[in-house]
Amino acid sequence: MSEAPANMSRPIPAPMVSVETKPFWDAAAEGRFLIKRCAECGKAFWYPRNLCPFCMSTETVWEESPGEGAIYTYSVMRRSPTGPYAIGYVTLDEGPAVLTNFVDVAPDGLAIGMRVKVKFQPTEGGPPAPVFAPA
Ligand SMILES: [Zn+2]
């Protein structure tokens, strides 16, 4: 049995890029993390979409985020052909919760409330995908 990689990264399939999400993926390719904010009610939200999930306004704008936040919850998948990996939710400092993969951390190194920061991981033939690592 081979030693499991400690960074918990795993192959990520190419994301589906739509007209609605293209600005996000274009920015991701430049290492920039974008979220959406509603110009009507002022709330930031995730995932990026044209319609505000809080007030249904279509007046939404892209905003660059430092991609920093805290782990809300997580789960480590220990039995995987590519080695252990972890998924969970990060609460961004702007408010929205992001479902994501955690990388650059040992399976036992995660904790609820831990500060994390976005980074981008190459995907299989698509734009890089946001993942989170300890800040
Ligand atoms: Zn709104």
Side-chain angles (χ1 to χ4, degrees):
M1 204 171 156
S2 64
E3 188 73 13
N7 68 1
M8 291 208 293
S9 69
R10 62 174 177 143
I12 296 179
M16 293 268 289
V17 178
S18 67
V19 173
E20 196 172 14
T21 60
K22 191 173 185 303
F24 175 85
W25 298 113
D26 287 349
E30 299 168 356
R32 296 183 301 121
F33 183 65
L34 298 186
I35 59 174
K36 275 243 155 151
R37 186 178 293 277
C38 176
E40 200 72 40
C41 72
K43 289 182 180 164
F45 58 90
W46 178 267
Y47 59 89
R49 49 213 192 269
N50 290 339
L51 202 65
C52 171
F54 300 105
C55 73
M56 303 300 152
S57 170
T58 54
E59 300 298 311
T60 58
V61 292
W62 292 101
E63 177 177 298
E64 188 162 342
S65 164
E68 294 172 4
I71 296 176
Y72 176 73
T73 188
Y74 68 95
S75 183
V76 177
M77 314 297 167
R78 292 177 192 276
R79 292 183 173 208
S80 155
T82 54
Y85 65 93
I87 59 170
Y89 281 97
V90 169
T91 305
L92 296 175
D93 291 343
E94 293 89 346
V98 178
L99 180 62
T100 190
N101 284 264
F102 296 107
V103 299
D104 298 346
V105 62
D108 295 326
L110 292 164
I112 287 169
M114 175 186 261
R115 295 288 301 170
V116 288
K117 184 170 173 37
V118 76
K119 64 181 281 188
F120 289 92
Q121 183 179 314
T123 61
E124 297 170 328
V131 295
F132 283 75

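Because the structure is predicted, anything quoted here is derived from the model rather than measured. The basis for the numbers below is simple: all heavy atoms, side chains too, and nothing from hydrogens, waters or symmetry mates. Residue numbers run from 1 in the order of the sequence given.
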Handout entry: Close side-chain approach of C52 and K43, heavy atoms under 4.5 Å
Key = no
Completion exercise
G109 and M114 have their tightest heavy-atom pair at O-CE, 2.8 Å
Fill in the blank from the handout: Heavy atoms of E124 and P13 approach each other most closely as OE1-CA, 3.6 Å
Handout entry: Under the side chain to side chain contact (heavy atoms under 4.5 Å, CB included) test, residues paired with P53 that sit two or more places apart
Key = F45, R49
Completion exercise
Sorted by chain and residue number, the side chain to side chain contact (heavy atoms under 4.5 Å, CB included) partners of D26 (sequence neighbours excluded) come out as K22
Problem - hydrophobic_cluster_shared for V17 and I12, side chain cutoff 4.5 Å - result: no
Completion exercise
Nearest heavy-atom contact between A28 and P128 is O-CG, 3.4 Å
Practice task
Could you tell me the separation between the OH atom of Y47 and the CG atom of L99, rounded to the nearest 0.5 Å?
Solution key: 12.5 Å
Handout entry: Beyond-backbone contact of E20 with P48, side-chain heavy atoms, under 4.5 angstrom
Key = no
Problem - Closest heavy-atom pair and its distance - P15, G126 - result: CD-CA, 4.3 Å
Completion exercise
From the list L51, V61, N50, side-chain contact (heavy atoms from CB on, under 4.5 Å) with K36 holds only for N50
Exercise for the section: Is it possible for you to say whether V98 and Y72 belong to one hydrophobic cluster, with membership spreading through side-chain heavy-atom contacts below 4.5 Å? Expected result: no
Exercise for the section: Give me the ring orientation class for Y74 and F102: parallel if the planes are under 30° apart, tilted from 30 to 60°, perpendicular past 60°. Expected result: perpendicular
Exercise for the section: Answer yes if M77 and L110 sit in the same cluster of Ile, Leu, Val, Met, Phe, Trp and Tyr residues linked by side chain heavy atoms under 4.5 Å apart, and no otherwise. Expected result: no
Handout entry: Pair listing, side chain to side chain donor-acceptor pair (under 3.5 Å) test, anchored in residues 10-19, at least two apart
Key = R10-N101, S18-T21
Fill in the blank from the handout: To the nearest 0.5 Å, atom CD of E68 lies from atom CD of E94 at 8.5 Å
Handout entry: All side chain to side chain donor-acceptor pair (under 3.5 Å) counterparts of E63, not counting sequence neighbours
Key = R37
Handout entry: Separation of F132 CZ from L92 CG (nearest 0.5 Å)
Key = 5.0 Å
Practice task
Taking side chain to side chain donor-acceptor pair (under 3.5 Å) as the test, write out the residues that go with S80, two or more places apart.
Solution key: T82
Problem - Residue pair P66 / D93, side-chain heavy-atom distance below 4.5 Å - result: no
Exercise for the section: Quick one: list whatever passes side chain to side chain donor-acceptor pair (under 3.5 Å) with K117, sequence neighbours left out. Expected result: none
Problem - Connected-component partners of V19 among ILVMFWY, side-chain separation under 4.5 Å - result: none
Problem - Shared hydrophobic cluster, V105 / V118 (ILVMFWY, side-chain heavy atoms < 4.5 Å) - result: yes
Handout entry: side chain to side chain donor-acceptor pair (under 3.5 Å) involving T100 - partner list, sequence neighbours excluded
Key = none
Handout entry: Partners passing side chain to side chain contact (heavy atoms under 4.5 Å, CB included) against P23 (at least two apart in sequence or in another chain)
Key = W62
Completion exercise
Residues passing the ring-ring contact (aromatic ring centres under 6.0 Å, His included) test with W25, sequence neighbours excluded, are none
Practice task
Looking only at non-hydrogen atoms, find the nearest pair between G113 and A70 and report the distance.
Solution key: O-CB, 3.8 Å
Practice task
Look at atom CE of M56 and say whether more than 12 heavy atoms of other residues, nucleotides or ligands are closer to it than 6.0 Å.
Solution key: yes
Handout entry: For R32, all residues meeting salt bridge (Lys or Arg N to Asp or Glu O under 4.0 Å), sequence neighbours excluded
Key = E30, E64
Problem - Residues which pass side chain to side chain contact (heavy atoms under 4.5 Å, CB included) with K119, listed by chain and number, not counting sequence neighbours - result: V103, D104, V131, A133
Problem - Same apolar cluster (I L V M F W Y, side chains within < 4.5 Å links), W46/I71 - result: yes
Exercise for the section: Assess whether atom OH of Y89 is packed by more than 12 heavy atoms of other residues, nucleotides or ligands within 6.0 Å. Expected result: no
Handout entry: F54 atom CZ, over 12 foreign heavy atoms within 6.0 Å
Key = yes
Exercise for the section: Report yes if some heavy atom in the side chain of P130 is under 4.5 Å from a heavy atom in the side chain of F120; otherwise report no. Expected result: yes
